[in-house]
Amino acid sequence: KSRVGPLLADNPFLSKLLRDTDTAGLKRIGSAYLYLRGMQSTVGMKSVPADMLVFDELDEATPEAKTMARERLGHSDYKRVVELSNPSLPNYGIDEAYQLSDQRHWTVRCEACATWTALDREFPDKLGHEVRVIREREDGTAYRACPKCGEELDVSMGEWVADFPERRIHGYRISQLFSSKVDPAEILHEYRTTKFAERFYNLKIGIAWADLSNRVDVAAVLACCGEHGIVESSKERCTMGVDTGGDLHVVISRWAAKHKPKREVIHIGTAPNYAALDELMKRFNVECCVIDALPEVHETRAFAGRHVGRVWMNYFQETQRGSYRWDPGEWIVQENRTEALDASRAVIRDKKVLLPRGGPVVREFAEHVAADVKQLVEDEKTGAQAYRYIKTATNHYSLAFTYDCIAWSRLMPWTGRFEWIGPAPRHWDPILDMDP
């Protein structure tokens with residue numbers, strides 16, 4: 001009401017076309033209709049066919065909501081999409097779309113030395129580094145500078161230059177670095193003093209950015225690789241984590257005989273069905289398995305029923321804090337999702353796990369782990385802030401590894417034995433010696 005309404009009323013051309021059918025969520029302009037919808041509710045998006053979509057603050061919407069909105073273009077001859085947003089995480093939301101585009105940068109020509117500079121590219125991507133594109137004068141003011149000769153740049157003397165001109169999607173990175181409304185001294189001061197690097201880079205510089213303390217990158221995962229390969233069976237007792245979905249992603253580990261007290265991942269792979277999981281339980285002598293209970297609740301429950309006392313169905317509970325909650329009556333384990341992912345990342349950062357030597361599957365595993373990134377999220381209603389993990393790409397092995405970490409967390413570290421919780425089934429030894 002405060003932005004779109006006045007925009008239409010104050011525009012002589014549009015105001016003549018504006019019809020009586022006029023609500024906050026619907027504007028009729030000529031023979032066309034403009035629908036204004038929020039992306040939190042799927043009902044509003046399902047009911048509106050469209051020729052063109054304009055996403056505002058794309059990174060605030062879920063990938064599922066974005067996919068559903070795009071379905072509204074199904075019967076259109078135009079199918080035009082415009083995506084707008086402050087960036088947040090690398091390869092997520094607007095940054096993912098930008099990476100698929102021709103990647104245009106506002107590039108400014110220096111009148112002194114004729115060098116062309118894209119300010120957003122030349123700005124340091126880490127705090128504490130020298131800023132060569134903003135320089136201070138003796139009177140304390142600052143100016144945008146050519147990184148080559150140091151002369152002042154006129155940001156109006158530029159043009160959009162594409163990194164990949166052959167791509168048909170146009171992508172523009174907008175930055176306050178070349179805004180005539182923003183004092184470069186303000187940007188430089190905030191760069192030197194900010195306590196929230198993510199927000200500085202997202203909002204001021206206009207680039208996706210994530211603190212390494214809030215993610216584990218591919219290199220950190222691969223640094224945990226040992227000399228052993230992926231094996232197909234184990235006589236030693238093992239634990240297993242399974243993420244359900246189209247395929248069942250599996251991570252199996254045991255104690256590393258030569259590197260105590262490290263955990264050794266010995267198998268990473270997929271299983272086509274639950275019968276194949278039964279075979280893995282047998283081949284790897286799995287004594288504790290944690291499996292995602294959703295979405296295949298019935299098959300997962302049947303699988304747990306075939307391995308009573310050894311398979312636990314996992315449910316994330318965002319309100320839970322502290323240690324994992326094991327329910328031996330239902331064979332369910334519950335925990336806070338953020339805390340569980342924190343724990344599995346710590347295992348990798350602290351190199352308390354040995355992974356199989358590098359290969360395509362291990363590389364895929366590393367990419368899945370790196371896809372989960374922790375982000376500070378603010379509740380729109382209460383203003384409360386909390387960290388949660390955002391999936392920026394496929395993350396099945398990341399969750400399977402987390403479930404395996406939950407499984408072997410039941411081992412008592414001073415004995416290497418399982419801590420039994422609840423009454424023991426008759427066919428299962430409640431105390432298992434895990435020492436190789």
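Bear in mind the structure is a predicted one, so any value in this text is a computation, not a measurement.
In this structure, Arg167 is positioned above the aromatic face of Phe164, its NZ or CZ under 6.0 Å from the six-membered ring centre and within 45° of the axis. A cation-pi arrangement, defined by a distance under 6.0 Å to the six-membered ring centre and an angle within 45 degrees of its axis, is absent between Arg173 and Trp106.
Below 30°, between 30° and 60°, or above 60°: for Phe284 and His267 the angle between ring planes is between 30° and 60°, a tilted geometry. By the 30° and 60° cut-offs, the orientation of the rings of Phe200 relative to Tyr191 is tilted. Between Tyr172 and His170, the two ring planes are perpendicular [angle over 60°; tilted spans 30° to 60°]. Between His368 and Tyr397, the ring planes are tilted. Angles from 30° to 60° get that label.
Side-chain atoms of Glu335 and Asn314 form a donor-acceptor pair, as typed in the model, at a separation below 3.5 Å. A donor atom on one side chain and an acceptor atom on the other are not found under 3.5 Å apart for Asn86 and Asn202. A donor atom on one side chain and an acceptor atom on the other are not found under 3.5 Å apart for Thr338 and Arg388. Residues Asp59 and Ser88 have side chains that bring a donor and an acceptor to within less than 3.5 angstrom of each other. Side chains of Thr239 and Asp404: a donor on one and an acceptor on the other come within 3.5 Å. Between the side chains of Ser398 and Arg345, a donor-acceptor pair is found at a separation under 3.5 Å.
When side chains are defined from C-beta on, Ile134 counts as touching Leu177, because their heavy atoms get closer than 4.5 Å. Counting heavy atoms from C-beta on, the side chains of Pro356 and Val362 come closer than 4.5 Å. Contact of the Leu84 side chain with the Phe55 side chain is not registered, since no non-hydrogen atoms from C-beta on lie closer than 4.5 Å. Under the 4.5 Å side-chain criterion, counting only non-hydrogen atoms from C-beta, Trp408 is not in contact with Cys288. Counting heavy atoms from C-beta outward, Tyr403 and Ile291 have side chains that stay 4.5 Å or more apart. Contact of the Arg121 side chain with the Asp163 side chain is registered, since non-hydrogen atoms from C-beta on lie closer than 4.5 Å. Val242 is listed as a side-chain neighbour of Leu277, based on a closest heavy-atom distance under 4.5 Å.
Under a 3.5 Å cut-off, the side chain of Ser409 and the backbone N or O of Ile406 do form a donor-acceptor pair. Listed for the Asp102 side chain is a donor-acceptor partner under 3.5 Å among the backbone atoms of Gly171. Between the Thr392 side chain and the Ala371 main chain, a donor and an acceptor come within less than 3.5 Å of each other. In this structure a side-chain-to-backbone donor-acceptor pair under 3.5 Å is missing from Asn91 to Glu96. Distance alone, capped at 3.5 Å, places no donor-acceptor pair between the Arg283 side chain and the Glu279 backbone. For the pair Asp350 (side chain) and Lys352 (backbone), a donor-acceptor distance under 3.5 Å is absent. At least one donor-acceptor pair under 3.5 Å links the side chain of Ser76 to the backbone N or O of Lys79. Of the possible polar contacts, none joining the Tyr315 side chain to the Leu294 backbone as a donor-acceptor pair under 3.5 Å is found. A donor-acceptor pair is defined here as one N or O able to donate and one able to accept, closer than 3.5 Å; no such pair exists between the side chain of Glu296 and the backbone of Gly245. Checking side-chain atoms of Arg357 against main-chain N and O of Gly226 turns up no donor-acceptor pair under 3.5 Å.
A salt bridge does not link Asp217 to Arg215: none of the charged side-chain nitrogens sits closer than 4.0 Å to a carboxylate oxygen. The pair Glu186-Lys204 meets the salt-bridge criterion, since a charged nitrogen lies less than 4.0 angstrom from a carboxylate oxygen. Salt-bridge annotation for Asp278 and Arg306: present, with a side-chain N of the basic residue lying under 4.0 Å from a carboxylate O of the acidic one. Under 4.0 Å is where a charged nitrogen must lie from a carboxylate oxygen, and between Glu122 and Lys148 no such pair does. The pair Glu287-Lys282 does not meet the salt-bridge criterion, since no charged nitrogen lies less than 4.0 angstrom from a carboxylate oxygen. A salt bridge is absent between Arg72 and Asp51; no separation between the charged side-chain nitrogens and carboxylate oxygens falls under 4.0 Å. Electrostatic pairing of Arg254 and Glu264 counts as a salt bridge here, judged by a charged N lying under 4.0 Å from a carboxylate O. Of the charged side-chain nitrogens involved, at least one lies within less than 4.0 Å of a carboxylate oxygen, so that Lys374 and Asp342 count as a salt-bridged pair. Look at Glu318 and Arg337 and you find no salt bridge, because none of the NZ, NE, NH1 or NH2 atoms lies under 4.0 Å from a carboxylate O.
Around the CZ atom of Arg3, the shell of radius 6.0 Å holds no more than 12 heavy atoms that belong to other residues, nucleotides or ligands. Counted within 6.0 Å of NE2 on His75, heavy atoms from surrounding residues, nucleotides or ligands total 12 or fewer; the atom is thus considered open. The environment of Glu232 atom CD is dense: over 12 non-hydrogen atoms of other residues, nucleotides or ligands sit within 6.0 angstrom. Counted within 6.0 Å of CZ on Arg144, heavy atoms from surrounding residues, nucleotides or ligands total more than 12; the atom is thus considered enclosed.
A side-chain contact (heavy atoms from CB on, under 4.5 Å) with Leu355 holds for exactly one of Val221, Ile348, Val369, Val251; it is Val221.
When all heavy atoms of Lys66 and Leu58 are compared, the closest pair comes out as CD-CD1, 3.8 Å. Contact detail for Ile94 and Pro87: the closest heavy-atom pair is CG2-CA, 3.5 Å. In plain terms, the two heavy atoms of Ser344 and Phe401 that are nearest each other are O-CE2, 3.5 Å.
Taking CG of Leu119 as the start and CZ of Arg132 as the end, the distance is 12.0 Å to the nearest 0.5 Å. Rounding to the nearest 0.5 Å gives a distance of 10.5 Å between CG of Leu203 and CD of Glu198. The structure places CG of Leu248 at 8.5 Å from OG1 of Thr270, a figure rounded to the nearest 0.5 Å. Here the CD1-SG distance, from Ile252 to Cys289, works out to 8.5 Å after rounding to the nearest 0.5 Å. If you take CG on Leu34 and NZ on Lys27, they are separated by 8.0 Å, rounding to the nearest 0.5 Å. Atoms OG1 and CD, on Thr394 and Glu367 in that order, are 9.5 Å from each other to the nearest 0.5 Å.
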* Please assess Met281 against Met240 for the test side-chain contact (heavy atoms from CB on, under 4.5 Å), listing each intermediate value before the final yes or no. => CA-CA 8 Å; Met281 292 284 292; Met240 182 166 77; 3.5 Å; yes
